[in-house]
Number of protein chains: 2
Amino acid sequence: MADLVYRQLLGSLKDKILAGEFPNMKLPDERSLSEQYEVSRSTVKRALSILADQGVVFKKRGSGTFINPLYLKNDSVFHYNNGSNLGITDSFQMNGRKPGIKLLKFEVVRPDPELKRDLFLKNDDFVYEIKRLRLFDDEPFMIETGYIPIKIVPELSEKIVSSSIFNYLQRERNQAVTKSYLTISAEPSTDEDQAQLGLTPTEPVGIMAGVFFLDDGTPFEYSRMRLHYRYMKYNTFVTLDD
Amino acid sequence: MADLVYRQLLGSLKDKILAGEFPNMKLPDERSLSEQYEVSRSTVKRALSILADQGVVFKKRGSGTFINPLYLKNDSVFHYNNGSNLGITDSFQMNGRKPGIKLLKFEVVRPDPELKRDLFLKNDDFVYEIKRLRLFDDEPFMIETGYIPIKIVPELSEKIVSSSIFNYLQRERNQAVTKSYLTISAEPSTDEDQAQLGLTPTEPVGIMAGVFFLDDGTPFEYSRMRLHYRYMKYNTFVTLDD
DNA sequence: TAGTGGTCTAGACCACCGA
DNA sequence: CGGTGGTCTAGACCACTAG
C-alpha cells in the first residue's frame with residue numbers, strides 16, 4: 001500500500017514540511033522534484049495535488065508551490081489517523097481517554113427501500129441493526145445506529161459488535177474502511193438522547209449520518225450517529241470550484 | 001474555464017447522472033468513455049476521480065464505476081456551484097428563494113490575538129467587523145459575523161457590505177474566494193439566536209466558523225455563522241487515508 | 001523571456017473481479 | 001480468462017508570473 005511511488009513521495013514531502021525543511025515556505029518546482037526523486041512529473045503532480053487537496057500546500061501557477069501555514073493548527077474532534085485508521089472511535093480525538101461501547105441492540109432486520117438503495121442491496125438481502133452507546137472514560141458521548149448487510153459479514157456476533165467492527169474487519173479480513181459519505185446536521189435532543197447522553201432539554205445533538213465504504217468501494221455500513229453537541233466538531237477544508 | 005476537456009466531460013457525466021441516464025447505477029467503463037468522448041483515458045480518469053472525490057460516484061477496481069445513491073438524494077443546504085461561485089449565499093441552496101441581507105453592525109475594530117493569528121495580521125492592522133442577518137424570502141436563517149482586514153479592502157462601505165462582499169470582490173477586482181477552512185459544530189441557541197432566527201429555547205443553532213481564502217492563498221475573512229438548525233445540512237465525502 | 005504549474009495524449013503494465 | 005480500474009512514464013503544448 002505505502003510502497004506506491006506517489007505515496008512515498010507524499011509521505012516524504014509531508015515529513016519534510018513538518019520538519020521545517022522548507023523555511024521559505026516554498027517547495028522545489030515540479031521538474032526538480034521529478035529529477036530528485038527520479039519519478040515522472042505526473043507522479044510529482046499527483047502527490048502535490050493530494051497535498052493541496054488536504055490543505056497542506058497551495059499551488060500558484062507561474063510562481064510555485066507554497067506551504068499553508070495554517071495547516072499546523074488542528075483541533076478537530078473528528079479527524080483521521082495516518083494509515084492505520086481503525087474504527088470510528090479512532091477517528092475521534094481521544095486525548096488519552098479510554099473508548100467504550102455499550103451494546104443496546106443487535107438484530108437482523110429487513111432493510112427498508114431507502115436503505116436497500118443506499119447499500120446496493122438485493123430484494124432478499126437482510127441487514128444487521130446494531131445500536132450502540134459509545135463512551136469516553138465511561139462518559140457517553142454518542143448513540144450510534146448502524147446497518148450492515150449480513151452477506152458482507154455473515155459471521156458477526158454480539159462479541160464482535162461489542163467492540164470495534166472496523167478493527168475486526170481490518171484484523172481478520174484485511175479489509176479497511178477508507179471512505180465515507182456523511183451528512184452533518186443538528187437537532188434538538190429527544191428524551192432518549194437526554195437520558196443516554198446526559199443532556200438537558202435545551203441542549204442539542206449533532207448528527208452525522210451516511211455510508212461507510214470498504215477500500216474496494218463496497219458500501220459497507222449505513223450509520224446514524226447522534227452526538228453530544230460538545231463532541232461534534234468537524235473540520236473541513238473546502239475548495240469552492242468543481 | 002469550462003472549455004477544458006475534463007470539465008466538459010465532468011459536466012456531461014454529472015448531467016447524465018442527475019438525469020437518470022444510468023438506471024443500473026453503473027457508468028460505462030473508462031475505455032469506452034474515452035472512445036465516446038474522443039479523449040484520452042487519462043482525461044476520463046481525471047473527470048471520474050473528481051466525481052469520486054465529490055462522492056458522486058465510487059469506483060470498484062475490476063468491476064466498474066457506480067453512482068452513489070446518497071448523492072442523488074442530496075439535500076445539503078451548504079453546497080458549491082460549478083465555476084461561478086460568488087458569495088456565501090450562493091453556496092447555500094436557494095430553491096428559488098430570494099436571499100436577503102440585513103446589516104446589523106459595521107465597525108472597524110482592533111483584532112484580538114487569536115483573530116490576528118488566523119488572518120496573519122501585523123500588530124497595527126485593523127479589521128472590519130461586519131454582522132449581518134441573512135434571509136431567504138424575508139425569513140432569517142443565519143447570523144453571520146465576519147472580520148476582514150481593512151488593508152485588503154480599504155474601500156469597503158455600508159452599501160457594499162449590505163450585499164455580497166464576495167460578489168463585489170469578483171466583480172471589481174476579479175478576485176475569487178475559492179478556499180475555506182471551516183469548523184462545524186452545534187450549540188444551544190442564545191436569547192439573541194432565538195429572537196433573530198425565530199427559534200424556541202430547545203432548538204439549537206448550527207455553527208460554521210473559519211477562514212476564507214482568496215484564490216492566491218491570502219486569508220481574507222474570518223467568519224462565524226450561526227444557522228437555524230434546519231438550515232445546517234452539510235454533506236462531506238471523506239477518504240480516511242493520507 | 002525564463003520559469004512555473006495546468007492540461008492532455010498515448011501507451012505500458014499491474015491488480016482485482018466475475019463468469 | 002477477459003474486462004475493469006490503478007499506477008506510472010515520457011513528452012507536448014498552454015497559461016500565468018515575475019524580473
Side-chain angles (χ1 to χ4, degrees), chain A residues 1-11 13 22 24-53 57-67 120 122 151-152 173-176 178-179 213-219 239 241-242, chain B residues 1-11 13 22 24-53 57-67 83 174-176 178 214-218 239 241:
Chain A
M1 157 74 95
D3 55 343
L4 299 179
V5 178
Y6 79 88
R7 295 247 161 218
Q8 291 185 337
L9 180 52
L10 187 61
L13 289 175
F22 305 108
N24 54 348
M25 303 301 267
K26 187 176 189 299
L27 266 58
D29 70 275
E30 297 179 348
R31 287 161 181 88
S32 303
L33 288 172
S34 166
E35 272 192 23
Q36 280 178 40
Y37 284 89
E38 294 180 308
V39 299
S40 75
R41 188 177 159 222
S42 305
T43 299
V44 172
K45 291 183 85 60
R46 181 167 193 172
L48 290 182
S49 292
I50 294 174
L51 285 179
D53 286 344
V57 302
F58 57 91
K59 302 188 268 191
K60 287 199 66 172
R61 169 192 258 168
S63 303
T65 302
F66 302 86
I67 297 169
F120 281 79
K122 300 211 186 327
K151 68 178 175 190
I152 295 185
R173 310 242 300 242
N174 199 33
Q175 283 187 298
T178 52
K179 290 190 268 285
F213 297 85
L214 296 179
D215 210 16
D216 66 6
T218 309
T239 305
D241 48 27
D242 279 359
Chain B
M1 159 73 97
D3 55 344
L4 299 179
V5 178
Y6 79 89
R7 295 228 166 235
Q8 290 186 337
L9 180 52
L10 186 62
L13 290 175
F22 305 110
N24 54 347
M25 302 301 268
K26 186 175 189 299
L27 266 58
D29 69 276
E30 297 179 347
R31 287 161 180 89
S32 303
L33 288 172
S34 167
E35 271 191 24
Q36 277 177 43
Y37 284 88
E38 293 179 308
V39 298
S40 75
R41 188 177 159 220
S42 304
T43 299
V44 171
K45 290 183 84 61
R46 181 166 194 173
L48 291 182
S49 292
I50 293 174
L51 285 179
D53 286 343
V57 302
F58 57 90
K59 303 189 268 191
K60 289 198 64 170
R61 172 192 253 165
S63 303
T65 302
F66 302 85
I67 297 169
N174 199 30
Q175 284 187 301
T178 52
L214 296 178
D215 214 15
D216 66 5
T218 310
T239 305
D241 48 27

Practice task
Locate the shortest heavy-atom distance separating A:Lys151 from A:Phe120; write the atom from each residue and the value.
Solution key: NZ-O, 4.3 Å
List every contact pair, protein side and nucleotides 17-19 of chain C side both N or O, where the distance is under 3.5 Å.
residue: C:dC17; atom: O3'; partner: B:Ser63; partner atom: OG; Å: 3.4

Exercise for the section: State the dot-bracket string of DNA chain D. Criteria: Watson-Crick or G-U wobble, both atom distances under 3.5 angstrom; notation: ( ) intrastrand, [ ] crossing earlier pairs, | interstrand, . unpaired. Expected result: ||||||||||||||||||.
Exercise for the section: May I have the distance from B:Lys59 (atom NZ) to C:dA15 (atom P), rounded to whole angstrom? Expected result: 18 Å
Exercise for the section: Return yes if some donor-acceptor pair links the side-chain N/O of B:Ser49 with the main-chain N/O of B:Lys45 below 3.5 Å, else return no. Expected result: yes
Fill in the blank from the handout: Comparing nearest nucleotides in DNA chain D, the 5'-proximal residue of the pair B:Gly64, A:Thr43 is B:Gly64
Handout entry: Spacing of A:Leu10 atom CG relative to D:dG6 atom C1', expressed in whole Å
Key = 16 Å
Problem - Spacing of A:Asp53 atom CG relative to C:dG6 atom C1', expressed in whole Å - result: 14 Å
Practice task
Output, in order, the C-alpha distance, side-chain angles, deciding distance and verdict of side chain to side chain contact (heavy atoms under 4.5 Å, CB included) for A:Leu33 and A:Leu13.
Solution key: CA-CA 10 Å; A:Leu33 288 172; A:Leu13 289 175; 4.2 Å; yes
Handout entry: Stepwise side chain to side chain contact (heavy atoms under 4.5 Å, CB included) test for B:Leu51 and B:Thr65
Key = CA-CA 10 Å; B:Leu51 285 179; B:Thr65 302; over 6 Å; no
Problem - Shortest non-hydrogen separation from A:Lys59 to A:Ala52 and the atoms involved - result: CE-CB, 4.1 Å
Handout entry: Distance (rounded to the nearest 0.5 Å) between B:Gln8 CD and B:Leu10 CG
Key = 10.5 Å
Problem - A:Arg41 CZ - C:dG6 P separation (whole Å) - result: 8 Å
Exercise for the section: Specify the residue among A:Ser42 and A:Leu48 whose closest nucleotide of DNA chain C lies further upstream toward the 5′ end. Expected result: A:Leu48
Fill in the blank from the handout: Of the listed C:dT7, C:dT9, D:dC8, the closest approach to the B:Ser40 side chain comes from C:dT9
Handout entry: Separation of C:dT7 P from B:Leu9 CG (nearest whole Å)
Key = 14 Å
Practice task
Search all heavy atoms of B:Ile67 against all heavy atoms of B:Phe22 and return the closest pair with its distance.
Solution key: CD1-CB, 3.7 Å
Practice task
Residues of residues 26-38 of chain B with any non-hydrogen atom less than 4.0 angstrom from an atom of DNA chain C: list those, numerically ordered, please.
Solution key: none
Problem - Phosphate-side-chain proximity, B:Lys45 and D:dG6, N/O vs OP1/OP2 below 4.0 Å - result: yes
Handout entry: Presence of A:Thr65 side-chain N/O under 4.0 Å of C:dG5 phosphate oxygens OP1/OP2
Key = yes
Handout entry: Non-hydrogen atoms of A:Tyr6 and A:Ala47 that approach each other most closely
Key = O-CB, 3.9 Å
Problem - Distance in angstrom units between B:Phe58 CZ and D:dG6 C1', rounded - result: 17 Å
Problem - Taking every non-hydrogen atom, the tightest pair across A:Ser34 and A:Ser40 - result: OG-C, 3.7 Å
Practice task
Indicate, with a heavy-atom threshold strictly under 4.0 Å, whether A:Arg46 touches base, sugar-phosphate, or nothing.
Solution key: sugar-phosphate
Handout entry: Whole-Å gap separating P (D:dT4) and CG (B:Asn24)
Key = 13 Å
Exercise for the section: May I ask you to verify if any side-chain N or O of A:Tyr6 is less than 4.0 angstrom from the OP1 or OP2 atom of D:dT7? Expected result: yes
Problem - Nearest-0.5 Å distance that lies between atom CG in B:Leu4 and atom CG in B:Leu9 - result: 12.0 Å
Practice task
May I ask you to check whether over 12 heavy atoms, not counting those of A:Glu35, lie within 6.0 Å of atom CD?
Solution key: no
Fill in the blank from the handout: Separation between CG (B:Leu48) and OG1 (B:Thr43), nearest 0.5 Å, reads 11.0 Å
